[in-house]
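Data block below; observations after.
The basis for the numbers below is simple: all heavy atoms, side chains too, and nothing from hydrogens, waters or symmetry mates. The sequence lines fix the lettering, A, B, ..., with proteins before strands; numbering per chain opens at 1.
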2 protein chains.
Amino acid sequence: MYIQLLYMKELEDILKTKSEISLAKKTVINISLTSVDFRDSISNVLKPFDISIEQFNVLRILRGQNGKPTNLQDIQDRMVSKMSNTTRLVDKLILKGFVERFVCEHNRRKVEIFITKEGLKALETIDPLVLSSETKLTEALSKDELITLNTLLSKLRD
Amino acid sequence: MYIQLLYMKELEDILKTKSEISLAKKTVINISLTSVDFRDSISNVLKPFDISIEQFNVLRILRGQNGKPTNLQDIQDRMVSKMSNTTRLVDKLILKGFVERFVCEHNRRKVEIFITKEGLKALETIDPLVLSSETKLTEALSKDELITLNTLLSKLRD
DNA sequence: CAACTACCTTTGTATATACAATTGTTGTAC
DNA sequence: GTACAACAATTGTATATACAAAGGTAGTTG
């Protein structure tokens, strides 16, 4: 399982001890460490099912299409990752029997991808576990605090 | 340059439109997207210098040692990443002339790593650029808002 | 002191990502 | 209608990470 671990534990210590660190730097570190924690937890939820977070996201995109044909570009537009990656993510999902790939008849440059029944079934099992994990990850904050946090993050990302 | 891009743009849309998404899920997505933005920006700052964020972090750890011998385990303890990775990160920094590696005389199992003058010089150039980027990334929020944000994040990560 | 264990690092394999180049298809312009 | 550009996807290479296994060194124990 792929868990992204980018920032130093040392920086975590700095966060606690040296308050003279710039607020900007502190914020960047804090966000990054939190993100790593989240990603780690969700990866652990997915681990028994042998799919990565990225594969999980592709599956959810395909389910969201409700059977409509989805080409790689469509998936790509909904991912932040690069095209190159999407091809290979789909390769792995095909191997697992969760998706199928066909050449588009109307435009042979395109490739159409569908989620299989097995893929849907896997999502049904996994979804509530992920949601449960997400709930647990955020339970240290009250509803109001979470709303404040989300407001600040949205403002930050404009 | 290595920019990790984990969550879907689609989820970003959900963030804005469908308010019925669970607050927990929303928070996890928001944090992840923010982290990706930050990482992307800092990677772009480092790109002209041809070093990754991870390599940059190793260099800062070594500088923090002020010439004291630093073995891989020391670096490892300050990184969140795995040992296996640290060996290869150091390999690449050696190729760039930023660090040196020697077998420890007192304990031949250990490997001592030092930052070179060139490594220090690179850090001196890069540090203010990174700080500037971090400042820009957070300037949408006031000082008080940043303090609130950091407080909430710390609470979340306990 | 030989065997065992613990320690420190390295190596191997699979996954994910960034970026660049390439392949194959469609559409367009001359 | 052939050459060229645009489009859609794939492939190649380098980096980073997770996890497991292996290698070499030091200490410990019978």
Side-chain angles (χ1 to χ4, degrees), chain A residues 1-8 32 35-36 39-44 46-58 69-77 79-96 101-113, chain B residues 1-8 32 35-36 39-44 46-58 69-77 79-96 101-113:
Chain A
M1 204 51 48
Y2 191 74
I3 302 175
Q4 219 235 343
L5 303 167
L6 42 155
Y7 278 90
M8 294 178 277
S32 300
S35 172
V36 167
R39 192 176 170 80
D40 191 358
S41 293
I42 294 175
S43 282
N44 281 331
L46 297 179
K47 190 180 290 187
F49 303 95
D50 192 32
I51 71 169
S52 66
I53 289 183
E54 290 72 20
Q55 291 171 16
F56 180 58
N57 283 338
V58 170
T70 314
N71 62 37
L72 267 189
Q73 202 106 68
D74 292 340
I75 297 176
Q76 172 56 26
D77 290 345
M79 307 275 297
V80 189
S81 58
K82 288 275 175 285
M83 193 76 223
S84 53
N85 195 29
T86 311
T87 297
R88 289 179 274 223
L89 277 177
V90 168
D91 286 343
K92 278 149 205 164
L93 289 171
I94 289 172
L95 285 178
K96 288 167 185 165
R101 171 167 49 194
F102 308 99
V103 173
C104 175
E105 292 182 4
H106 304 297
N107 185 344
R108 292 176 50 77
R109 286 173 296 191
K110 290 191 180 182
V111 164
E112 287 176 348
I113 295 146
Chain B
M1 204 51 50
Y2 190 74
I3 302 178
Q4 221 236 340
L5 302 167
L6 40 157
Y7 277 90
M8 296 177 275
S32 300
S35 173
V36 167
R39 191 176 171 83
D40 191 358
S41 293
I42 295 175
S43 283
N44 281 332
L46 297 178
K47 190 181 291 186
F49 303 96
D50 192 34
I51 73 170
S52 68
I53 290 183
E54 291 71 19
Q55 290 171 16
F56 179 59
N57 283 339
V58 170
T70 315
N71 62 37
L72 268 187
Q73 201 105 70
D74 291 341
I75 298 176
Q76 173 55 28
D77 288 345
M79 306 276 297
V80 189
S81 59
K82 287 277 173 287
M83 193 77 225
S84 54
N85 194 30
T86 311
T87 297
R88 289 178 275 222
L89 276 178
V90 167
D91 286 343
K92 278 150 204 163
L93 289 171
I94 289 172
L95 285 178
K96 289 170 185 162
R101 171 167 49 193
F102 308 100
V103 173
C104 176
E105 292 182 3
H106 303 298
N107 185 344
R108 294 176 48 77
R109 286 174 296 190
K110 289 189 181 182
V111 165
E112 287 175 349
I113 294 145

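The distance from atom CD1 of A/I53 to atom P of D/dT17 is 15 Å, rounded to the nearest whole Å. Distance, A/D50 CG to D/dA18 P: 17 Å, rounded to whole Å. Atom CD1 of A/I42 is separated from atom C1' of D/dA18 by 17 Å (rounded to the nearest Å).
Annotation: side chain of B/L95 is not in contact with side chain of B/D91 (no heavy-atom distance under 4.5 Å).
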Q) In the 5'-to-3' direction, what one-character label does each nucleotide of nucleotides 4-9 of chain C receive under the scheme B = base within less than 4.0 Å of a protein heavy atom, S = sugar-phosphate only, - = no such atom? A) --BBSB
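Here D/dT13 is the nucleotide among D/dT25, D/dT13, C/dT26 with the atom lying nearest to any side-chain atom of A/R88.
Residues B/I75 and B/V90 approach most closely at CD1-CG2, 4.4 Å, considering heavy atoms. B/R108 and B/V103 get closest at one heavy-atom pair: O-CG1, 3.8 Å. When all heavy atoms of B/K96 and B/I51 are compared, the pair lying nearest together is NZ-CA, 4.1 Å. The two residues B/S35 and A/S32 make their nearest non-hydrogen contact at OG-CA, 3.9 Å.
Nucleotides of DNA chain C nearest to A/R108 and B/D91 differ in position, and the one nearer the 5' end is that of B/D91.
Neither OP1 nor OP2 of C/dA18 sits under 4.0 Å from any side-chain N or O of B/K47.
Exactly one residue among A/I94, A/L72, A/V58 makes a side-chain contact (heavy atoms from CB on, under 4.5 Å) with A/L89. That residue is A/V58.
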